[in-house]
Amino acid sequence: MPKYIFIIGGVMSGIGKGITTASIGRILQDRGFKVTAVKIDPYINIDAGTMNPIEHGEVFVTEDGDETDQDIGNYERFLNKNIPSINYMTTGRVYEAVIRKERNLEFNGRCVEVVPDIPNEVISRIRKAAKESVSDIALIEVGGTVGEYQSLLFLEAARLMHLKHPKDVLFVLVSYLPIPNIIGEMKTKPTQYAVRSLNSAGIQPDFIIARAALPLDEPRKRKLSTFCNLDRRDIISAPDAECIYEVPLNFEKDKLGERILKKLNFKGKKSQNNDWRKLVNKIKNIKKSVKIGIVGKYFMSGRFTLMDSYISIIEALKHASWFYGSQSEIVWLDAEKYEKDKKYLKELRGYDGVVVPGGFGGRGVEGKIRAIGYCRKNKIPFFGLCYGMQLAVIEFARNICGLKKAHTTEIKPKTPNPVIDLMPEQKKKLRIKAYGGTMRLGGYNCLLQKNTISRKIYGKELISERHRHRYEFNNAYKDILMKKGLIISGINPESNLVEIIELPREKHPFFVATQFHPEFKSRPLNPHPLFREFIKSCLKK
Ligand code: GLN
């Protein structure tokens with residue numbers, strides 16, 4: 001029987017519940033346990049794929065083709081393994097499954113009710129996730145904040161699991177302790193209320209992860225212990241960290257791993273893996289830095305710049321930079337300004353490299369195309385991801401092959417030169433408005449062509465990478481583009497779809513663009529080879 005640890009948020013969102021969950025997983029994994037992590041999101045959406053990235057952050061794509069919350073990406077990066085679709089659920093997904101079972105007469109004619117049928121479905125999914133990955137310990141992150149109406153049924157599932165197997169289920173509350181400027185003191189009251197709120201759902205936390213700008217001091221620990229009914233040792237200090245990968249080490253300063261194992265009655269093993277610690281030490285001592293511009297559009301929310309839409313790209317850039325003993329300074333470049341005035345393009349010279357990431361729709365597209373053209377002409381290392389690859393093909397077709405009106409049919413359905421076009425199987429889906437979960441998703445093979453940069457970078461012929469797109473390189477234009485010097489270095493062997501394009505080294509220091517999203521597979525201990533090579537070229541510049 002695996003053990004289950006629920007991670008629940010208190011006080012407010014955005015305080016790092018996902019990183020906390022991933023970090024606890026890392027700590028337990030380093031002690032030799034098999035760990036998996038499950039994310040529950042309380043919204044009705046079946047998956048994250050239909051949500052606006054500015055509002056919700058990045059849509060992370062799993063190997064088996066699910067469009068999930070970005071926290072699944074954190075789990076993969078910290079646990080250094082793939083997390084399957086069964087580990088992600090939403091209210092919509094749970095209700096949909098229960099209703100489908102009801103329609104299939106699987107409840108034998110009885111009345112199907114919110115309680116217990118919804119929590120039961122949640123429990124069976126959690127168990128299945130733990131079983132399928134043969135885990136000793138499953139972590140379950142409950143999205144949202146305690147006290148919210150929409151997470152109640154998930155807390156109810158957690159309570160019921162604990163009721164049945166009290167020795168096998170633990171609860172961790174991730175809370176926030178503000179230090180208001182006018183008071184100048186760290187305040188515990190919001191956390192006390194969060195615990196009360198959790199208590200009213202029938203749950204007493206076993207641990208409090210005390211998120212705050214600063215480490216927790218003794219008086220605060222004592223106060224939380226007394227008022228929240230916990231052993232002082234189970235209140236774990238979690239100050240803001242410079243680097244998220246440091247968080248497991250911070251938790252271990254307060255002996256979180258040891259305390260968890262004690263409560264689970266697992267024989268305490270010493271941490272067996274030093275690689276993580278070594279990496280964090282390395283990162284903290286890096287002085288030099290490489291400057292990367294990301295030309296995108298999903299980062300302004302009112303007056304605030306949010307980076308969540310591109311989180312896997314940011315992490316992949318960091319992993320690769322650290323590999324070469326450098327930090328990465330990432331600057332957000334609004335694609336739309338290059339549409340307003342070409343003169344802004346000159347600023348790209350100030351960057352060691354430029355990334356054009358994935359995206360949808362027409363806003364900023366011409367600006368991105370201009371930026372790509374500028375990088376091509378001025379030999380600035382360029383890395384295009386998904387939409388970034390499609391737009392690089394358009395730029396090449398327009399400016400090198402003279403197909404002045406070349407475009408993607410996503411933006412100009414009637415373009416005379418549809419160099420990027422809808423995949424045939426996608427046409428029907430769009431006609432019947434079947435948008436949700438119907439893109440080309442997840443891992444697909446890619447055959448790398450001989451004597452290409454990509455083949456050399458990967459060091460092998462057959463690779464698999466993750467996808468999320470509807471449009472594709474139109475093979476009718478392959479000959480024209482290749483004749484003018486575009487190299488098609490990766491092709492999906494089953495469908496013949498173009499997966500990677502590049503320009504030869506003699507022409508450009510690094511000009512590579514992929515239809516897939518390599519960023520989803522980069523891990524801190526195992527940076528992605530394409531990102532590594534990109535950064536290497538940037539450092540040379
Ligand atoms: N909008 C493009 C498509 O659907 C690219 C998608 C992406 O960048 N993820 O094909």
Side-chain angles (χ1 to χ4, degrees), residues 47-54 56-63 65-70 73 294-299 308-314 316 335 354-369 371-372 382-395 397 406-413 415 418-431 433-444 446 465-475 477 490 492 495-501 512-522 530:
D47 56 47
T50 51
M51 278 185 267
N52 180 345
I54 293 181
H56 178 264
E58 168 186 274
V59 178
F60 187 79
V61 180
T62 59
E63 194 62 30
D66 201 358
E67 296 174 284
T68 74
D69 180 79
Q70 63 187 44
I294 298 186
V295 183
K297 67 167 180 179
Y298 301 121
F299 44 73
D308 271 11
S309 316
Y310 300 111
I311 196 83
S312 290
I313 299 175
I314 300 171
V354 170
V355 175
V356 176
F360 297 83
R363 187 161 67 84
V365 153
E366 291 304 323
K368 288 183 191 174
I369 294 174
I372 295 169
F382 161 76
F383 195 11
L385 308 170
C386 202
Y387 214 16
M389 176 266 201
Q390 299 177 351
L391 301 178
V393 170
I394 295 169
E395 195 280 325
H407 221 313
T408 162
T409 51
E410 176 175 353
I411 310 301
K412 272 242 165 358
T415 167
V419 287
I420 304 293
D421 198 6
L422 203 56
M423 290 183 267
E425 67 274 21
Q426 286 290 336
K427 290 196 174 132
K428 192 169 141 229
K429 289 176 189 159
L430 292 196
R431 223 178 295 129
K433 296 203 163 128
Y435 300 118
T438 59
M439 282 188 240
R440 180 170 178 248
L441 291 169
Y444 283 93
C446 170
E465 291 281 3
R466 299 185 194 173
H467 297 70
R468 181 171 185 252
H469 64 118
R470 282 188 209 284
Y471 295 82
E472 57 153 311
F473 183 105
N474 183 349
N475 278 334
Y477 289 88
N492 172 261
S495 61
N496 224 9
L497 291 187
V498 170
E499 299 279 10
I500 317 181
I501 59 158
V512 176
T514 61
Q515 181 57 77
F516 50 81
H517 292 269
E519 68 271 22
F520 292 141
K521 286 177 78 163
S522 182
L530 288 177

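In each ligand, atom 1 is the first atom listed, and ligand 1 is the first ligand listed.
- Of the candidates R468, E410, H467, it is E410 that places a heavy atom closest to atom 2 (C) of ligand 1.
- Considering both main-chain and side-chain atoms, Y387 comes within under 3.5 Å of ligand 1 through a nitrogen or oxygen pair.
- Among all protein heavy atoms, the one lying closest to atom 10 (O) of ligand 1 is Y471 N, 2.8 Å.
- I313 and E58 get closest at one heavy-atom pair: N-OE1, 4.4 Å.
- G490 and C446 make their closest contact through CA-SG, 3.6 Å (heavy atoms, listed as atom of the first residue, atom of the second, distance).
- Distance alone, capped at 3.5 Å, places no donor-acceptor pair between the H517 side chain and the E519 backbone.
- Within the 4.5 Å cutoff, the side chain of V59 has heavy atoms near those of the R468 side chain.
- Electrostatic pairing of R470 and E410 does not count as a salt bridge here, judged by no charged N lying under 4.0 Å from a carboxylate O.
- Those atoms of ligand 1 with a heavy atom of H517 less than 4.0 angstrom away are 9 (N).
- Close approach of ligand 1 to G358 (heavy-atom distance below 4.0 Å) involves ligand atoms 8 (O).
- Taking 4.0 Å as the cut-off, E472 does not count as a neighbour of ligand 1 on heavy-atom distance.
- The minimum heavy-atom distance linking T50 with G436 is given by the pair CG2-CA, 4.0 Å.
- Distances between N or O atoms of Q390 and those of ligand 1 include at least one value under 3.5 Å.
- The residues E63 and K521 are annotated as salt-bridged, a charged nitrogen and a carboxylate oxygen being separated by less than 4.0 angstrom.
- Between M389, Q515, M439, R470, it is R470 that holds the heavy atom closest to atom 4 (O) of ligand 1.
- Nearest to atom 5 (C) of ligand 1 among the protein's heavy atoms is G359 O, 3.4 Å.
- Between F360 and ligand 1, no pair of N/O atoms sits closer than 3.5 Å.
- Nearest heavy atom pair, residue G296 against residue K368, reads CA-CE, 4.2 Å.
- Annotation: atom 7 (C) of ligand 1 to nearest protein heavy atom, C386 SG, 3.0 Å.
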